[in-house]
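So you know, we letter chains A, B, ... as the sequences are listed, proteins then strands, and number each from 1.
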Protein chains: 2
Amino acid sequence: MNAAPCPTPAVAADVAVFTVLDDALQVLLVRVRRGAFAGRFALPGGRVRTDESLDAAAARLLAERTGLRDVYLEQLYTFGHPERDPHGRVVSVAYVALIPHGGRFRTADGDGGAGFADVHWRPVAALPPLAYDHETVVATALARIRAKLGYTNLVYTLLPPAFTLGELQAMYEAVLGRRLDRRNFRKKMLALGLLRPLGRQRRGAHRPAALYGFRHRRPMVVEIL
Amino acid sequence: MNAAPCPTPAVAADVAVFTVLDDALQVLLVRVRRGAFAGRFALPGGRVRTDESLDAAAARLLAERTGLRDVYLEQLYTFGHPERDPHGRVVSVAYVALIPHGGRFRTADGDGGAGFADVHWRPVAALPPLAYDHETVVATALARIRAKLGYTNLVYTLLPPAFTLGELQAMYEAVLGRRLDRRNFRKKMLALGLLRPLGRQRRGAHRPAALYGFRHRRPMVVEIL
DNA sequence: TCAAAAGTGTTGGCATTACACCCATGA
DNA sequence: TCATGGGTGTAATGCCAACACTTTTGA
């Protein structure tokens, strides 16, 4: 257990951040600047410091690369194939993050905000080639969140404080990739008692819809689907 | 990405091996020989080499410490709290292993075999104090396998090639920690079609029981309970 | 008036649960 | 003969999936 001269893999953390945007599940990518994968997209990440926990490293790296803070973060899996990084042996602890798309955050493309450079949303259904083994990481993350939406209340991480049942249903449909029956969905959701009617309405192009919020904004396991 | 002079955590792998023995779920522990935790029990594990994958490291370390080979192994979670090891910063990738208790393997206590020294089965319901954060690791592993037995066919890893429905049910009861209705259990299991009747019987102290085997001995997701 | 989303109940099938008795064997 | 585990069927219940029409609004 002495601090031997270095024959240990480097430790990194990478974060797959998802949101639902334009009715599609999207993942946040950054452009790689240097090295063998320069120009490609990758998940935001970097080295873990020796004095910080893995969770703290993931949160710090995400904030440094994208400005995102206080998001839902959960450890996903650790990828450690010896050849996953051509620059040297790096073991990467991957995290999943989920955020609502509430304009609290602007990317480099499209909405032309004061965002971080070279940070982009890309729909998971049409991913560009990614650096390292990050395509595997995204696939693993997708499987995790699809499964977990089914037995937890994690949708709350994707939604703003007030939303309509239609928007809630659209979240599930975007993440799961299939349509749901509206009547059964509303019945089930309201029966679960996770929602609180806000007594307000959203007016839009059509008939106004009642607004709801979550009673509890913390992870719980509940049979949803 | 240059091989900087060492300011990276060390990387280890630890394995929580479970079996059902005496109708109780048990975990395999080794005695720590040196250092701050000398004398305590810990999970078998050790450093990951720079040229092996994490899965390979877990399998190698398990074989070195306990002689176990070709067991079901799956990555559990990565523990990286800065103070989890008083000797220095070590990030540990934890694995879960499941094995049948078929006498293919002798521990130091009890069955006085030609086993590895200081390797012991201990029931998870009455664990001794463990070194490092290994109590957390065992708790996390327990939650994982309890959940996973419910939606996969992973029991097969705990059973020998031939077994009775009573033994199968006893496995579930030991792992889940609750009793199941025998008739419903048999009905469900036989209906799932995962089992193959072997046409043989086990004779014991009482009425002979039909022997079954698994049709497929590989992980599959199937709604079991 | 039209298009588009919101809102609302009932029914049939399926799966799960609860439950009691006889059987075959070794001791 | 007795104790022990093996083996079997049915009835009630609850859950889920399928399904169509009316309402409200803005354009």
Interface with DNA chain C, restricted to residues 176-184 of chain B and to heavy atoms under 4.0 Å
B:Asp181, B:Arg183, B:Asn184

Nearest non-hydrogen partners of B:Arg60 and B:Val48, listed with the distance:
NH2-CA, 4.5 Å

Could you pull out the closest heavy-atom pair between A:Ser92 and A:Asp14, with the gap in Å?
OG-OD2, 2.6 Å

Note, B:Val15 side chain near B:Val71 side chain (heavy atom, < 4.5 Å)
no

When B:Lys188, B:Lys187, B:Arg182 are each screened for side-chain hydrogen bond (donor to acceptor under 3.5 Å, both in side chains) with B:Asn184, the one that passes is B:Lys187

Does B:Arg31 make a cation-pi contact with B:Phe41, if we ask for NZ or CZ under 6.0 Å from the ring centre and within 45° of the axis?
yes

Contact boundaries of DNA chain C with chain B (under 4.0 Å, heavy atoms), 5' to 3'?
C:dT16 to C:dG26

Under a 4.5 Å cut-off applied to non-hydrogen side-chain atoms, are B:Ile99 and B:Val17 in contact?
yes

Taking the nucleotide of DNA chain C with the nearest heavy atom to each, does B:Lys188 or A:Tyr212 sit closer to the 5' end?
A:Tyr212

Would you say the ring centroid of A:Phe185 lies under 6.0 angstrom from that of A:Tyr172?
yes

note: B:Leu211, atom CG; D:dG6, atom P; distance rounded to Å ~ 11 Å

Atom pairs under 3.5 Å, N or O on each side, protein against nucleotides 23-27 of chain D: can you list them with distances?
from: D:dT23; atom 1: O2; to: A:Arg207; atom 2: NH1; distance (Å): 2.7
from: D:dG26; atom 1: OP1; to: A:Arg203; atom 2: NH2; distance (Å): 3.4
from: D:dG26; atom 1: O4'; to: A:Ala205; atom 2: O; distance (Å): 2.9

Output the distance between atom OH (A:Tyr156) and atom CZ (A:Phe163), rounded to the nearest 0.5 Å.
12.5 Å

For a quick check of understanding: with a heavy-atom distance under 4.0 Å over all strands, which category does B:Lys187 fall into, base, sugar-phosphate or nothing?
base

With heavy-atom distances below 4.5 Å as the criterion, would you say the side chains of B:Tyr77 and A:Thr78 are in contact?
no

From CD1 of A:Ile224 across to P of D:dC16 the rounded distance in Å is 12 Å

Can B:Glu173 and B:Arg178 be said to form a salt bridge (Lys or Arg N to Asp or Glu O under 4.0 Å), step by step?
CA-CA 5 Å; B:Glu173 292 180 340; B:Arg178 61 189 161 97; over 6 Å; no

